[in-house]
Amino acid sequence: MISNHLLFKLASGEVFGQDQPIALKLLGSERSFQALEGVAMELEDSLYPLLREVSIGIDPYVVFQDVDWALLIGAKPRGPGMERAALLDINGQIFADQGKALNAVASRNAKVLVVGNPCNTNALICLKNAPNIPAKNFHALTRLDENRAKCQLALKAGVFYDKVSNVTIWGNHSTTQVPDFLNAKIDGRPVKEVIKDTKWLEEEFTLTVQKRGGVLIQKWGRSSAASTAVSIVDAIRSLVTPTPEGDWFSTGVYTTGNPYGIAEDIVFSMPCRSKGDGDYELASDVLMDDFLWERIKKSEAELLAEKKCVAHLTGEGNAFCDLPEDTMLPGEV
């Protein structure tokens, strides 16, 4: 469902611009191949002027040949009674295999955006299996969480969404994620000057963003698809267009060398800026207080525990799983 929304945005020029031709290479499975053929037919019949090619396949070593952007969306959802450790292992194997294929045949400067959950640790697995591609080029999608946080702040302040800036999601795409209201701004002013209800910010706002995915599943009967596709578009555009002066965006990236004191060698959502060349730098003008740091450390601990669970997939020895009890994706119960 996410791909069905996303592919037509990519083909239309909405993402990379109206002067950038695009070739879509779609990776499916034996089970989904006929559906993939149908999607390819619809893309072709839409006559997008920028869409130069649609090719499909089930072998990543063929489909990933020379790709500049790899959007890794497919993953197995957590089923009833499935332990989180089992989900990490099953999906981790998918992203280890895709990392190896990217390493073998993709462009040496390919950008990789991991959407399939648990996306932070899947991105770590993928980059560890693709040493020929810079680790910095791997991203885990936390932009939907950022968009949800902006929505809640705008609604509370009674402003349009475009008045909200400098919103960061720190950490894991799970219920330990940290929506940062300390650094966020509304119409250029610190959020805490505009929204003076500190209790709301610390409790209701934070929990609403963390659990938004789960509430949506309860209401809609399925996880978000259209809004996830929109957030993928936003995430890519943030890398291919210059960041507005003073603002930043959230994306899960490799932590080695980060200036915040976050543990190295994990994929952690942090505030980034781009010159529009597909690359990024971490924002340095970031405030930190005890409330924010305490929650960042909790998400860090969760990701370090997930990393131990998949050590056998990252080349770091035998796996040891001791996940915190509350380690969940948004929507899991």
Side-chain angles (χ1 to χ4, degrees), residues 1-29 32-74 98 101-102 104-116 119 133-134 137-144 146-147 150 160-162 224-245 247 249-251 272-280:
M1 289 300 295
I2 295 168
S3 298
N4 285 344
H5 287 282
L6 176 64
L7 287 168
F8 294 87
K9 292 178 178 290
L10 291 167
S12 71
E14 183 180 336
V15 183
F16 292 101
Q18 296 300 322
D19 58 351
Q20 177 60 63
I22 187 168
L24 290 174
K25 310 176 81 171
L26 313 183
L27 176 66
S29 64
S32 68
F33 192 75
Q34 278 196 315
L36 203 61
E37 289 179 311
V39 173
M41 290 168 65
E42 277 212 278
L43 285 162
E44 291 168 346
D45 293 346
S46 296
L47 299 180
Y48 289 111
L50 292 169
L51 183 58
R52 296 293 191 260
E53 176 190 351
V54 182
S55 58
I56 61 177
I58 60 174
D59 182 352
Y61 286 86
V62 175
V63 176
F64 290 165
Q65 185 72 45
D66 298 325
V67 296
D68 297 302
W69 287 81
L71 311 179
L72 307 184
I73 295 171
Q98 292 187 349
L102 288 166
V105 300
S107 162
R108 297 302 79 178
N109 196 37
K111 307 297 188 292
V112 183
L113 177 61
V114 176
V115 179
C119 61
I133 300 171
N137 288 15
F138 289 78
H139 298 258
L141 183 74
T142 57
R143 186 56 171 268
L144 179 55
E146 178 189 321
N147 289 353
K150 285 181 174 177
F160 291 116
Y161 306 133
D162 62 357
S224 56
S227 58
T228 302
V230 168
S231 72
I232 294 169
V233 170
D234 290 341
I236 298 170
R237 283 200 302 215
S238 287
L239 292 166
V240 299
T241 56
T243 306
E245 185 69 29
D247 202 359
F249 57 91
S250 302
T251 181
C272 299
R273 292 186 172 111
S274 177
K275 296 177 182 177
D277 55 0
D279 202 358
Y280 65 91

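Here, residue 1 is the first one in the sequence, and each next residue gets the next number.
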Give the minimum heavy-atom separation between Cys119 and Ala140, together with the two atoms involved.
O-CB, 3.6 Å
So which pairs with a foot in residues 6-18 pass salt bridge (Lys or Arg N to Asp or Glu O under 4.0 Å), sequence neighbours left out?
Lys9-Glu14
Side chain to side chain contact (heavy atoms under 4.5 Å, CB included) between Leu72 and Val115, intermediate numbers included
CA-CA 6 Å; Leu72 307 184; Val115 179; over 6 Å; no
The criterion is side-chain hydrogen bond (donor to acceptor under 3.5 Å, both in side chains); which residues satisfy it with Thr228, sequence neighbours excluded?
Ser224
pair Trp69-Val240: side-chain heavy atoms closer than 4.5 Å:
yes
Let's go through Ser238 and Arg143 carefully: what are the C-alpha distance in whole Å and the side-chain angles of both, what is the deciding distance for side chain to side chain donor-acceptor pair (under 3.5 Å) to 0.1 Å, and is it a yes or a no?
CA-CA 10 Å; Ser238 287; Arg143 186 56 171 268; 2.7 Å; yes
How long is the straight-line distance from CG of Leu7 back to CD1 of Ile22, given to the nearest 0.5 Å?
9.0 Å
pair Ile56-Glu37: side-chain heavy atoms closer than 4.5 Å:
yes
Going by salt bridge (Lys or Arg N to Asp or Glu O under 4.0 Å), name the pairs with one or both residues in residues 232-245, residues two or more places apart or in two chains.
Asp234-Arg237
With sequence neighbours excluded, residues passing side-chain hydrogen bond (donor to acceptor under 3.5 Å, both in side chains) with Ser32
Ser29
Let me confirm one number: the CG-CG distance from Leu43 to Asp45, rounded to the nearest 0.5 Å.
9.0 Å
Applying side-chain hydrogen bond (donor to acceptor under 3.5 Å, both in side chains), can you list everything that pairs with Asp279, at least two apart in sequence or on another chain?
Lys136
Can you tell me if CD on Gln34 sees more than 12 non-hydrogen neighbours from other groups inside 6.0 Å?
no
For Ile58, which residues count as a side-chain contact (heavy atoms from CB on, under 4.5 Å) partner, sequence neighbours excluded?
Glu30, Phe33
